[in-house]
Amino acid sequence: MRFALLGTRGIPARYGGFETFAEELSTRLAARGHAVTVYCRERYPEPEYRGVRLQYLPTLRHKYLDTIVHSCLSSVHLTLLRFRGTKQDAVLYCNAANAVFTWLPRVAGMPVALNVDGLERHRKKWNRAAKAWYRLSEWLATWMPNAVVTDAQRIADYYQERYRRDSEMISYGAETGAVRTCAALAALGLEPRKYFLYVSRMEPENNALLVRESFEMLDTQMKLALVGDAPYAADYIQRVRDTADPRVVLPGAIYGEGYRELGSHCFAYVHATEVGGTHPALIEAMGRGALTLYLDTPENAEVAGGAALAFTHANLATVMRQVLDMPEPERETWRARAMERVRSRYSWEAVTDAYEKLLTKLARTRAQSSSRAQSS
């Protein structure tokens, strides 16, 4: 079948969770024989990537307009192609902010699923207008697309309780197993099992500053690698970087093999996000077998499932000291639990199975409806 994916920065993944999701899902669907197109904001030298067709369109580089301008252009482009004879069998949008555009492919005869992610209006980076847009988008998401997809039970419950709207609950995925190479560590002056790791976009609700300040309370030879960046958070990033502690390493964003190496060889991974649904970095670190500490929110606890250690804003330094004092066999038990949790629940192949089933069902239902309409 022919599928299109809209609403991310595109692939190859060079930004965040939705981009990793787009790459992992689209390439797997392509490998299964489907014709997949991913709409991209970032240019790639080739028109295809791992069997996926890349459709580049421009955008307006602005904190509040980047996503919706590109998604609007992508939706119009997709719809115009349909009227020129190129029809997608089903379309997958990412990000609830794009709900307002999902009617365009629908009126052109293409069924739509929308992955709403988490409750984005709670993010501190948004002003009142942006938060109002996300609140409106939540409501639009309950009736504009054919299907709503949530990636955490807590978010699925929210849409059911607030809007009486059922959703398809499909979790995020991750690889399992540590990689053996460690070239990225040497480049950053790190040694295996001798650093705490934090990975996230450097935005206030992801609490990089809390992690840094808590770590600096510890008397340890361990290092802290704070990995990440953000396009519209310069002031906050400067606060995170404002430290004289030589143990703190701030390399910016790292992707690909370097990212996998850092997760595989850390002493412990600290996950401090407090807004959103299922956070990719949390699952990915657990899948690598990292001893994981997580900020105690319902969404993070759902992912951890008893295979990681919880902390609050007030006691992170205490929990970090706890794992430093923990016997190594006990730490290894936590690492094994984390990896098994991901292996049993968050397989990319299982995620692809679920999306393939959903998109195929939408396409066939639409085809059957069209056939009945023509017969009558």
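By convention here, the first residue in the shown sequence is residue 1. As a basis for the values below, the full set of heavy atoms in this structure was taken, side chains included, without hydrogen atoms, waters or symmetry mates.
A distance-only check finds a donor-acceptor pair linking the side chain of R193 to the backbone of C266 [under 3.5 Å]. A donor-acceptor pair under 3.5 Å is absent between the side-chain atoms of R165 and the main chain of Q160, judged by distance alone. S264 places a side-chain N or O within donor-acceptor distance of the main-chain N or O of V179, the cut-off being under 3.5 Å. Listed for the D89 side chain is a donor-acceptor partner under 3.5 Å among the backbone atoms of R2. At distances below 3.5 Å, at least one donor-acceptor pair connects side-chain atoms of T142 with backbone N or O atoms of W139. Here the side chain of S344 pairs a donor or acceptor atom with the backbone of R341 at under 3.5 angstrom. Here the side chain of E48 pairs no donor or acceptor atom with the backbone of L54 at under 3.5 angstrom. With H34 contributing its side chain and S26 its backbone, the two residues share no donor-acceptor pair below 3.5 Å.
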Under 3.5 Å, which donor-acceptor pairs do the side chains of residues 285-295 form with other protein atoms, sequence neighbours left out?
| from | atom 1 | to | atom 2 | distance (Å) |
| --- | --- | --- | --- | --- |
| R288 | NH1 | G177 | O | 2.8 |
| R288 | NH2 | E175 | OE1 | 2.5 |
| T292 | OG1 | A290 | O | 2.9 |

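Annotation for D325: atom CG counts as buried by contact number, over 12 foreign heavy atoms lying within 6.0 Å. No more than 12 heavy atoms of other residues, nucleotides or ligands sit less than 6.0 Å from atom CD of Q221. Residue-environment remark: CZ (R364) stays at or below the threshold of 12 foreign heavy atoms within 6.0 Å. Summarising the local packing, CZ of R331 is surrounded by more than 12 heavy atoms from other residues, nucleotides or ligands at distances under 6.0 Å.
If you chain together hydrophobic residues whose side chains sit under 4.5 Å apart, V107 and W143 fall into the same group. Taking hydrophobic clusters as Ile, Leu, Val, Met, Phe, Trp and Tyr residues chained together by side-chain heavy-atom distances below 4.5 Å, L6 shares a cluster with L140. Cluster membership for F18 and V116, using ILVMFWY side-chain heavy atoms within less than 4.5 angstrom, is not shared. Linking ILVMFWY residues whenever their side-chain heavy atoms come closer than 4.5 Å, directly or via other members, leaves Y39 and L29 in distinct clusters.
Taking 4.0 Å as the cut-off between side-chain N and carboxylate O, E349 and R32 count as a salt-bridged pair. A salt bridge links E257 with R260; the closest basic N to acidic carboxylate O contact falls under 4.0 Å. Ionic pairing of R41 and D66 is present here: one or more N-O contacts between side-chain nitrogen and carboxylate oxygen are shorter than 4.0 angstrom.
The shortest side-chain heavy-atom distance between L81 and T79 does not fall under the 4.5 Å cut-off. Between F3 and T37, the closest side-chain pair of non-hydrogen atoms is not below 4.5 Å. Residues S71 and T67 have side chains in contact (heavy-atom distance under 4.5 Å, counting atoms from C-beta outward). Two residues are said to be in side-chain contact when any heavy atoms from C-beta on lie closer than 4.5 Å; R247 and Y195 fail this criterion. Within the 4.5 Å cutoff, the side chain of L185 has heavy atoms near those of the E261 side chain. You'll find the side chain of N98 stays beyond 4.5 Å of the side chain of T102, heavy atoms only. Contact of the L197 side chain with the V270 side chain is not registered, since no non-hydrogen atoms from C-beta on lie closer than 4.5 Å. Contact check for V199 versus Y269: side-chain heavy atoms found under the 4.5 Å cut-off.
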| said: Set out, in order, the CA-CA distance, both residues' side-chain angles and the distance that settles side chain to side chain donor-acceptor pair (under 3.5 Å) for E138 and Y159, then state yes or no. | reply: CA-CA 8 Å; E138 285 181 10; Y159 273 86; 5.0 Å; no
| query | So V148 and L114, side-chain contact (heavy atoms from CB on, under 4.5 Å) or not? Walk me through it. | reply | CA-CA 5 Å; V148 178; L114 171 64; 5.6 Å; no
| query | What's the verdict on side chain to side chain donor-acceptor pair (under 3.5 Å) for Y93 and S75, showing C-alpha distance, side-chain angles and the deciding distance? | reply | CA-CA 10 Å; Y93 279 77; S75 301; 2.6 Å; yes
| said: As a quick check of understanding, evaluate side chain to side chain donor-acceptor pair (under 3.5 Å) for T312 and D296, giving each step before the final call. | reply: CA-CA 6 Å; T312 66; D296 195 5; over 6 Å; no
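The aromatic ring centroids of Y255 and Y259 lie 6.0 Å or more from each other.
The residue from L250, V248, D245 that alone fulfils the side-chain contact (heavy atoms from CB on, under 4.5 Å) condition with R212 is V248. If you run salt bridge (charged side-chain N to carboxylate O under 4.0 Å, His left out) between E23 and each of R28, R9, R50, only R50 comes through.
When only modelled atom types and interatomic distance are considered, D157 and Q153 share a side-chain donor-acceptor pair under 3.5 Å. Side-chain contact annotation: E168 with T150, donor-acceptor N/O pair under 3.5 Å absent. Checking Y355 against N115 by side-chain atom types alone, a donor-acceptor pair falls below 3.5 Å. Side-chain atoms of H271 and Y198 include no donor-acceptor pair closer than 3.5 Å.
Ring pair F21/W348 is tilted by interplanar angle, where 30° to 60° counts as tilted.
Here the CD-CG distance, from E274 to N207, works out to 4.5 Å after rounding to the nearest 0.5 Å.
Closest approach of S137 and A96 over heavy atoms only: CB-O, 3.1 Å. In terms of heavy-atom proximity, V342 sits nearest to A174 at CG1-CB, 3.9 Å.
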